[in-house]
Amino acid sequence: VKVGDKQFETFEEALNVVENGQTIELYASATGSEINKEIEFTKDIEFTITGNAPEYALPIVTFQNATVNIEDATILIPELDARQNATINVVNSTVYDAGGNSIAKSYYNGAINIDATSTVYMMQVTTMGYINVAGTLNATWQTNVYGNGIITVKDGATFNTGALHL
C-alpha cells in the first residue's frame, strides 16, 4: 500500500496518514486480509483509493464526513460504509464482496455513488441516506431502505437484489 512516496504494510497504516487530496494506491501483488479490523475514519477530507488488488481484503471502515473516491480500482472490501455526511464515489472500478456478509450502507446523510463504468458486488444494501446507481449494483441477499433513505437507479443502470424491504 502506498501514499505518495511512502509505502506501508497495511491499508490501515495508509489510512492513518492520508491527507486531503492524496491517493492511497493498492498493489496488484498484494495478498492477505485485514477483514477482521474495524476502523472509524472521521477526518473531514477528500482522498482517492486506486489500484488493482483483488486478492487483498481491506478492513471494515466506517467513513464519517470524508469524501472517498474509489477510482480506477479493483478491490475486495467487506463494507462500503458512508455515514454522517460521508460520500463514497465508485468511479471506473469493480468492488467485490469480501467475507460473504458484505454490506453497502449509507446512514445519516451518507451517500454512495456508483458511476456508469463501475460494478459493486455486495451481499446486502442498507440505506437511511442516499445510494445512486448509474452502473451496476448487485446485492445477492437483500436491500433495506429505512426512514428517508433513497436509492436512485439511473436509466441504463442495473440494480439486482434478492429481496427489497421498504
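Keep in mind it's a predicted model, so treat the numbers as computed, not measured.
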**Student:** Look only at the side chain of Asp115 and the backbone of Gly135, and say whether a donor-acceptor pair between them is shorter than 3.5 Å.
**Tutor:**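 Between the backbone of Gly135 and the side chain of Asp115 there is no qualifying donor-acceptor contact (under 3.5 Å).
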**Student:** List for me each residue that meets salt bridge (charged side-chain N to carboxylate O under 4.0 Å, His left out) alongside Glu34, sequence neighbours excluded, and say none if there are none.
**Tutor:**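 If we apply the salt bridge (charged side-chain N to carboxylate O under 4.0 Å, His left out) test to Glu34, skipping adjacent residues, there are no hits.
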**Student:** With sequence neighbours excluded, what pairs up with Gln22 under the side chain to side chain donor-acceptor pair (under 3.5 Å) test?
**Tutor:**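 Per chain and number, Gln22 pairs via side chain to side chain donor-acceptor pair (under 3.5 Å) with no residue.
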**Student:** Let me confirm one number: the OH-CG distance from Tyr107 to Asp81, rounded to the nearest 0.5 Å.
**Tutor:**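 Answer for the OH-CG pair, Tyr107 versus Asp81, is 7.5 Å.
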**Student:** Looking at Thr50 and Asp72, would you say the former's side chain and the latter's main chain have a donor-acceptor pair under 3.5 Å?
**Tutor:**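 Yes, the answer is positive, given that a donor and an acceptor are paired below the 3.5 Å cut-off.
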**Student:** Answer yes if Ile45 and Val61 sit in the same cluster of Ile, Leu, Val, Met, Phe, Trp and Tyr residues linked by side chain heavy atoms under 4.5 Å apart, and no otherwise.
**Tutor:**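 Yes, one cluster joins them.
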**Student:** Under 3.5 Å, is there a donor on one side chain and an acceptor on the other for Glu46 and Asn69?
**Tutor:**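 Yes.
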**Student:** CD1/Ile39 to CD1/Ile60 distance, rounded to the nearest 0.5 angstrom?
**Tutor:**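 If I round to the nearest 0.5 Å, the distance is 9.5 Å.
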**Student:** Would you confirm whether Asn52, through its side chain, and Thr74, through its main-chain N or O, come within 3.5 Å as a donor-acceptor pair?
**Tutor:**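 Flag set: sc Asn52 to bb Thr74 pair under 3.5 Å.
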**Student:** Rounded to the nearest 0.5 Å, what separates atom CD1 in Ile114 from atom CZ in Phe159?
**Tutor:**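 The CZ atom of Phe159 is 8.5 Å from CD1 of Ile114, to the nearest 0.5 Å.
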**Student:** If you measure only the distance, is there a donor-acceptor pair under 3.5 Å linking the side chains of Gln64 and Thr62?
**Tutor:**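 Not at all, the side chains of Gln64 and Thr62 share no donor-acceptor pair under 3.5 Å.
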**Student:** Please test Glu12 against Asn16 for side chain to side chain contact (heavy atoms under 4.5 Å, CB included), starting from the C-alpha separation and ending with a verdict.
**Tutor:** CA-CA 6 Å; Glu12 180 180 21; Asn16 286 334; 4.1 Å; yes
**Student:** Are Val145 and Ile88 co-members of a hydrophobic cluster defined by side-chain heavy atoms under 4.5 Å apart?
**Tutor:**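 Same cluster.
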**Student:** When you measure from the side chain of Thr87 to the backbone of Ala111, do you find a donor-acceptor pair of N or O atoms at a distance under 3.5 Å?
**Tutor:**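 No.
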**Student:** Starting from the C-alpha separation in whole Å, work towards a yes-or-no answer on side chain to side chain contact (heavy atoms under 4.5 Å, CB included) for Arg83 and Lys105.
**Tutor:** CA-CA 8 Å; Arg83 299 184 191 209; Lys105 54 187 170 184; 3.3 Å; yes
**Student:** Relative to each other, are the rings of Tyr96 and Tyr121 parallel, tilted or perpendicular (30° and 60° limits)?
**Tutor:**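 It falls in the parallel class, under 30°.
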**Student:** Can you tell which of Thr126, Val125, Ile103, Leu166 makes a side chain to side chain contact (heavy atoms under 4.5 Å, CB included) with Asn144?
**Tutor:**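 Exactly one pass, corresponding to Thr126.
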**Student:** Do Leu164 and Met123 sit in the same hydrophobic cluster, where Ile, Leu, Val, Met, Phe, Trp and Tyr count as joined when their side-chain heavy atoms come under 4.5 Å apart?
**Tutor:**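 No, because Leu164 and Met123 fall into different hydrophobic clusters, even though each may have its own neighbours under 4.5 Å.
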**Student:** Going by heavy atoms in the side chains, are Thr10 and Tyr56 under 4.5 Å from each other?
**Tutor:**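 When only atoms from C-beta onward are counted, Tyr56 and Thr10 do touch, with a gap below 4.5 Å.
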**Student:** Look up atom CD1 in Ile49 and atom CD in Glu25, then write down how far apart they are to the nearest 0.5 Å.
**Tutor:**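 Here the interatomic distance stands at 12.5 Å.
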**Student:** Is the number of heavy atoms from other residues, nucleotides or ligands within 6.0 Å of OH (Tyr27) greater than 12?
**Tutor:**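 It does: Tyr27 OH has more than 12 such atoms within range.
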**Student:** Short question: side chain of Ser93, backbone of Ala73 - any donor-acceptor pair under 3.5 Å?
**Tutor:**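 Side chain of Ser93 to backbone of Ala73: a pair is present.
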**Student:** Side chains of Asn148 and Ile150: closer than 4.5 Å at any heavy-atom pair?
**Tutor:**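 Of all side-chain heavy-atom pairs linking Ile150 with Asn148, none is under 4.5 Å.
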**Student:** Counting only N and O atoms by type, is there a donor-acceptor contact under 3.5 Å from the side chain of Lys43 to the main-chain atoms of Val18?
**Tutor:**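 Side chain of Lys43 to backbone of Val18, a donor-acceptor pair under 3.5 Å: yes, one is there.
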**Student:** Which heavy atom of Ala139 sits nearest a heavy atom of Gln142, and at what distance?
**Tutor:**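 Smallest heavy-atom distance, with atoms named: CB-O, 4.1 Å.
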**Student:** Between atom CD1 of Ile70 and atom CD1 of Ile77, what is the distance when rounded to the nearest 0.5 Å?
**Tutor:**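 The CD1 atom of Ile77 is 5.5 Å from CD1 of Ile70, to the nearest 0.5 Å.
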**Student:** How many angstroms lie between CG in Asn65 and CD in Gln84, if you round to the nearest 0.5 Å?
**Tutor:**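 Here the rounded value is 7.0 Å.
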**Student:** Among Ile112, Ile131, Thr161, find the residue that satisfies the side chain to side chain contact (heavy atoms under 4.5 Å, CB included) test when tested with Ile151.
**Tutor:**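 With Ile151 as partner, Ile112, Ile131, Thr161 yield a single side chain to side chain contact (heavy atoms under 4.5 Å, CB included), made by Ile131.
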**Student:** Are Ile75 and Val120 co-members of a hydrophobic cluster defined by side-chain heavy atoms under 4.5 Å apart?
**Tutor:**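 Same cluster: Val120 reaches Ile75 through Ile, Leu, Val, Met, Phe, Trp or Tyr contacts under 4.5 Å.
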**Student:** Set out, in order, the CA-CA distance, both residues' side-chain angles and the distance that settles side chain to side chain contact (heavy atoms under 4.5 Å, CB included) for Val95 and Met122, then state yes or no.
**Tutor:** CA-CA 8 Å; Val95 177; Met122 292 282 132; 3.9 Å; yes
**Student:** Indicate, with yes or no, if the rings of Phe47 and Phe41 have centres closer together than 6.0 Å.
**Tutor:**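 Phe47 vs Phe41: aromatic centres under 6.0 Å.
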**Student:** Listed by chain and number, what are the side chain to side chain donor-acceptor pair (under 3.5 Å) partners of Thr127, not counting sequence neighbours?
**Tutor:**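 Partners of Thr127 by the side chain to side chain donor-acceptor pair (under 3.5 Å) criterion, ordered by chain and then number, come out as Ser106.
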